[in-house]
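Count residues from 1 along the sequence. Here the structure is a predicted model, which means the values were calculated and not measured.
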Amino acid sequence: MEKEKKGFFHRLTDISRIHHRAAFADVEYRITPQESVFMKMARDRYSCRGFENRPVPEKDIQHIIEAARLAPTAANKQPVHVWVIKSPEALAKLKEATKYTFDAPVVFLVGAKPEEAWVRKYDGHNGAEIDAAIVGTHIMFEVTALELGTTWVGSFDPAKIKELFPETAGYEPVAIFPVGFPAADPGPKHEERKTKEEISSVL
């Protein structure tokens with residue numbers, strides 16, 4: 001009797017294993033891999049050039065600054081600074097250096113200080129501007145995560161910025177980021193991307 005019980009449970013176990021294989025053997029083909037949070041954000045982000053006439057909450061501004069602070073830089077030298085331009089007077093001054101503020105309620109200006117940056121010993125390349133670009137990228141994605149809008153603006157008069165904002169002395173302006181609640185859709189070139197084959201190679 002005991003032997004028959006063992007035989008029964010053994011067969012039952014085999015049936016369970018067969019059922020398990022039948023149910024899950026093709027699971028990787030039946031379930032679409034979930035897109036990562038970052039990938040979704042990268043896909044959704046777009047260059048916003050129009051904003052609603054309402055202020056950005058201070059807590060959001062602080063989150064954006066923190067994202068900039070956490071950005072990686074070469075040898076962790078952090079040769080960068082971020083200026084938050086949000087007073088009516090400061091925003092008006094900035095318009096003298098660029099026409100691309102899009103009347104955003106707040107603008108982040110990122111500057112780099114070359115003398116504080118890591119320098120590549122092989123050719124003397126200074127990493128300050130790259131570090132500032134990484135900080136700018138963190139700013140853009142945190143803005144997106146907060147469901148705000150921005151665009152990377154590189155069209156500005158750096159000499160004028162230095163003149164209008166003496167606080168930037170010693171830094172080279174790298175980029176400005178108008179930030180606000182989006183009031184504009186993606187531009188016509190937003191979906192234009194090279195293929196994976198065009199943009200990457202396996203060596």
Side-chain angles (χ1 to χ4, degrees), residues 27-52 56 60 63-80 82 94 97-104 106-112 114 117-158 161 171-203:
V27 69
E28 62 179 301
Y29 304 105
R30 291 189 290 108
I31 299 177
T32 303
Q34 185 177 11
E35 193 172 50
S36 70
V37 173
F38 176 81
M39 190 64 74
K40 183 180 186 308
M41 192 164 57
R43 200 180 303 282
D44 290 347
R45 189 215 66 82
Y46 67 94
S47 297
C48 183
R49 298 180 175 87
F51 304 95
E52 295 180 6
V56 173
D60 289 351
H63 284 310
I64 294 166
I65 293 172
E66 180 65 1
R69 187 183 74 86
L70 294 175
T73 57
N76 199 29
K77 288 184 174 292
Q78 305 169 68
V80 295
V82 179
L94 184 60
T98 179
K99 62 181 180 179
Y100 299 110
T101 65
F102 306 106
D103 293 320
V106 61
V107 177
F108 292 80
L109 166 64
V110 178
W118 173 79
V119 176
R120 189 164 58 203
K121 66 180 180 180
Y122 304 100
D123 59 358
H125 176 77
N126 189 292
E129 190 168 9
I130 293 174
D131 288 339
I134 296 170
V135 169
T137 302
H138 268 228
I139 287 173
M140 283 199 306
F141 280 113
E142 180 60 12
V143 167
T144 302
L146 293 170
E147 298 185 348
L148 298 169
T150 190
T151 185
W152 184 301
V153 175
S155 181
F156 54 80
D157 184 340
I161 285 180
Y171 289 85
E172 294 299 321
V174 174
I176 63 175
F177 300 91
V179 174
F181 290 92
D185 294 326
K189 292 186 177 182
H190 176 68
E191 297 295 335
E192 293 182 12
R193 293 290 189 276
K194 290 183 178 180
T195 66
K196 290 181 181 179
E197 292 72 22
E198 290 174 312
I199 204 169
S200 65
S201 300
V202 179
L203 304 177

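Here the shortest heavy-atom pairing between Phe102 and Val153 reads CE1-CG2, 4.2 Å. The shortest non-hydrogen separation linking Ala75 to Trp118 is CB-CD1, 4.1 Å. The shortest non-hydrogen separation linking Ala112 to Ala128 is CB-O, 3.6 Å. Pairing each heavy atom of Ile161 with each of Phe156, the nearest pair is CD1-CD1, 3.6 Å.
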Can I get a per-line list of side-chain donor-acceptor pairs under 3.5 Å for residues 135-148, giving both atom names and the distance, sequence neighbours left out?
from, atom 1, to, atom 2, distance (Å)
Thr137, OG1, Ala133, O, 2.9
His138, ND1, Ala67, O, 3.0
Thr144, OG1, Met140, O, 3.0

All N/O donor-acceptor pairs, side-chain side in residues 174-182, below 3.5 Å, sequence neighbours left out:
none

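For Tyr100, the OH atom counts as loosely surrounded, since its 6.0 Å shell holds 12 or fewer non-hydrogen atoms of other residues, nucleotides or ligands.
Contacts of Lys40 classified as salt bridge (charged side-chain N to carboxylate O under 4.0 Å, His left out), with partners at least two apart in sequence or in another chain: Asp44. Judged as a salt bridge (charged side-chain N to carboxylate O under 4.0 Å, His left out), and not counting sequence neighbours, Asp185 has no contacts.
Judged purely by atom type and a 3.5 angstrom limit, Glu198 uses its side chain to pair as donor or acceptor with the backbone of Thr195.
Among residues at least two apart or in separate chains, side chain to side chain donor-acceptor pair (under 3.5 Å) pairs with a member in residues 121-135 are Arg120-Asp123. Among residues at least two apart or in separate chains, side chain to side chain donor-acceptor pair (under 3.5 Å) pairs with a member in residues 69-80 are Glu66-Arg69, Asn76-Gln78.
In this structure, Asp103 CG and Arg49 CZ are separated by 15.0 Å, a value rounded to the nearest 0.5 Å. The OG1 atom of Thr98 lies 11.0 Å from the CG atom of Leu109; values are rounded to the nearest 0.5 Å. Here CZ of Arg45 is found 10.0 Å from CZ of Phe38. Values are rounded to the nearest 0.5 Å.
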